[in-house]
Amino acid sequence: MRSILLMLLLTTLLAGAIAKANYEAHEWGTFTSVVGSDGITQTGLYHEDEPLPDFVHGFGELRAELPPPPPPFRPPPHLPPSNPKPPCRNVKVCFDLNDLEQNAITQKMETPVIYFYSSDSTRQQVEVDVAFPEGIITETFPGPVQTFPTFNDPHVIANGKTKFSVDILSTKTGAVPFVQAGNIYGHARAVNSNVVTSGAETEKFIFYRGLGRFQPRISITSRNGALLISELAAARPQAAVLIHVDQSGHGQLLAVDSVKNKDYVTVSARRIADLKNHATTSPFIIRGEQARGKLVDELVTSGLFRDEALAMVNTWENGYLKVPGLRLLYILPQAEVDDILPLSFSPAPTNLVRSFVARMEILLDTEEARILEEIRAAQNTFKVDQLGRFAEPILRRVRDLAAKTEPTGSALLTLIDRFIKEAQNGSGGTLH
């Protein structure tokens, strides 16, 4: 009897080991925030920057299931028309504006995708649980089998939990939904990963997006046009670069590799000026294909396959290297990603790579002061759309600055509040 029990136990353990050893998973994504000169992330990060295909599920939606087989000797039933999605006013989640204002939304979780790699000749089912303690999942494909919160729950940007159930196929190609040329969603498919199916839906990966409210562990502050990057001991980035993009959409890059070895790094106002001077001959500045190549190489070093790194850079090249502004990009240590966005699989993969880029849009103190003075001078003729797609968080930071010297209810604060409303309604910022 004992020998039989031991044999059953060994068989169970062996089966579990085999189940665990059948696939590998790789994930990439971006956390986007706007940081004031005081180092605090700004609210208002719920605007949709890049449109997604219509088949992508919105907040609270579940996957499409296969229709039941038709009854014998009868024609198959017609599928009911899909319910139209509610208008979302170019925002990532269809909450009422009051709900959005009541939540301090400081992070956009942009396009995490999870790839699967398997040499198994048969399909295998995998359940994937994503938790977002300081956020919610807003868009998905394939759709999840469970998700929280939903429209019936309190509209709080916290305690997000989403479960996917996919079958990993043995093939690298499949009948994936059509994506128009130029849509950023399609870049993620140019990877040699296995196809997955979930219900009636097929894709090369699991895709999801979200909104959050956490403060980055790296602190970046500005004084007199210089930057101080600090508090790195508990959050050593795998790589970090500063990028400036001018109004013509030309980007150039300054590597800040020393942040991997120091508790703080100062980037002088002179070096920032060099980065913002697109006619500079400084040997420290990288531009064009070399800048792209630098990002790809760092992502490969973080653990991604080269085609995955290329897919990520192609997806976010516009946001990284073409949207005007000054930004810090750094690759988070995987332990920090695991804390922000716990991820579990059943059965577990033999290897898991998670490569996330923190994209911190930086407001220099000199830039904040310049915008405030422009508003003072222009008054009602100030053009909100000149601030670009991050108009709302920029204006919120400028208002905080103005409130230090302006009395409550002053004409200037009232004017800035009006501009914030314009940005909320989409008239401020280039949401494309």
Side-chain angles (χ1 to χ4, degrees), residues 29-50 59 90-93 95-112 130-139 149 154-160 208-222 227 229-231 234-235 237 316 319-320 323 325-330 332 336-337 339-342 356-365 367-368 371 387-401 403 416-417 420-421 423-424 428-429 431:
T30 299
F31 294 115
T32 297
S33 60
V34 176
V35 182
S37 63
D38 58 354
I40 303 300
T41 54
Q42 300 301 300
T43 64
L45 268 290
Y46 48 78
H47 295 271
E48 188 72 274
D49 292 341
E50 307 281 359
F59 173 71
N90 288 328
V91 297
K92 291 172 69 68
V93 60
F95 284 1
D96 183 86
L97 185 57
N98 290 330
D99 290 325
L100 294 174
E101 289 182 334
Q102 291 170 11
N103 285 274
I105 304 172
T106 63
Q107 295 282 343
K108 290 197 294 185
M109 182 175 65
E110 314 259 34
T111 315
V130 182
F132 198 179
E134 293 297 324
I136 59 172
I137 307 301
T138 58
E139 293 145 306
H155 288 174
V156 177
I157 306 298
N159 302 317
Y208 62 103
R209 279 185 177 179
L211 297 172
R213 63 183 189 185
F214 60 89
Q215 179 76 9
R217 295 183 185 178
I218 283 185
S219 170
I220 182 164
T221 57
S222 172
L227 292 175
I229 308 171
S230 58
E231 299 180 2
W316 289 112
Y320 291 170
V323 171
L326 177 66
R327 59 191 57 100
L328 176 72
L329 301 182
Y330 67 92
L332 283 74
E336 185 175 352
V337 178
D339 287 343
I340 296 170
L341 199 65
F356 273 69
V357 170
R359 171 188 171 188
M360 298 173 71
E361 299 289 320
I362 298 168
L363 292 174
L364 297 173
D365 61 334
E367 185 73 1
E368 294 168 350
I371 295 171
L387 299 178
R389 61 182 62 189
F390 297 105
E392 181 178 344
I394 291 172
L395 286 166
R396 288 185 180 278
R397 171 56 188 159
V398 170
R399 191 195 188 284
D400 289 342
L401 189 64
I416 297 174
D417 286 338
I420 291 173
K421 290 291 185 182
Q424 286 177 328
L431 303 176

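None of these values were measured; they are calculated from a predicted model.
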How many angstroms lie between [atom1] in [X] and [atom2] in [Y], if you round to the nearest 0.5 Å?
| X | Y | atom1 | atom2 | result |
| --- | --- | --- | --- | --- |
| Arg359 | Glu110 | CZ | CD | 6.5 Å |
| Ile220 | Tyr330 | CD1 | OH | 9.0 Å |
| Asn159 | Ile136 | CG | CD1 | 10.5 Å |
| Glu367 | Ile394 | CD | CD1 | 8.0 Å |
| Glu139 | Tyr208 | CD | OH | 13.0 Å |
| Ser219 | Asp38 | OG | CG | 9.0 Å |

Is the closest side-chain heavy-atom distance between [X] and [Y] below 4.5 Å?
| X | Y | result |
| --- | --- | --- |
| Arg396 | Ile420 | yes |
| Thr106 | Leu45 | no |
| Arg209 | Phe59 | no |
| Leu364 | Leu227 | yes |
| Asp400 | Gln42 | yes |
| Met109 | Ile137 | yes |
| Thr111 | Thr30 | no |
| Val35 | Leu363 | no |

Item to check | Check against side chain to side chain contact (heavy atoms under 4.5 Å, CB included), Val357 and Trp316 | outcome: CA-CA 10 Å; Val357 170; Trp316 289 112; over 6 Å; no
Please report the closest heavy-atom contact between [X] and [Y], naming both atoms and the distance.
| X | Y | result |
| --- | --- | --- |
| Leu328 | Ile362 | N-CD1, 3.7 Å |
| Leu211 | Tyr46 | CD2-CA, 3.9 Å |
| Pro133 | Ile340 | CD-O, 3.5 Å |
| Val156 | Arg213 | CG1-NH1, 4.2 Å |
| Pro149 | Ala158 | CD-O, 4.3 Å |

Output yes when a side-chain donor or acceptor of [X] lies under 3.5 Å from a complementary backbone atom of [Y], and no otherwise.
| X | Y | result |
| --- | --- | --- |
| Lys108 | His47 | yes |
| Asp365 | Ser37 | no |
| Gln107 | Phe214 | yes |

Item to check | Pairing residues for Ala403 by the side chain to side chain contact (heavy atoms under 4.5 Å, CB included) criterion, not counting sequence neighbours | outcome: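 For Ala403 the side chain to side chain contact (heavy atoms under 4.5 Å, CB included) partners, ignoring immediate neighbours, are Arg399, Leu413.
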Checklist entry - Just one of Gln215, Glu361, Arg397 clears the side-chain hydrogen bond (donor to acceptor under 3.5 Å, both in side chains) bar with Thr41, so which one? => result Gln215
Next on the checklist: Apply side chain to side chain contact (heavy atoms under 4.5 Å, CB included) to residues Thr43 and Ile105 and explain how you reach the verdict.
Outcome noted: CA-CA 5 Å; Thr43 64; Ile105 304 172; 5.8 Å; no
Checklist entry - Do the charged groups of Asp339 and Arg217 touch, with an N to O distance under 4.0 Å? => result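 Salt bridge: yes.
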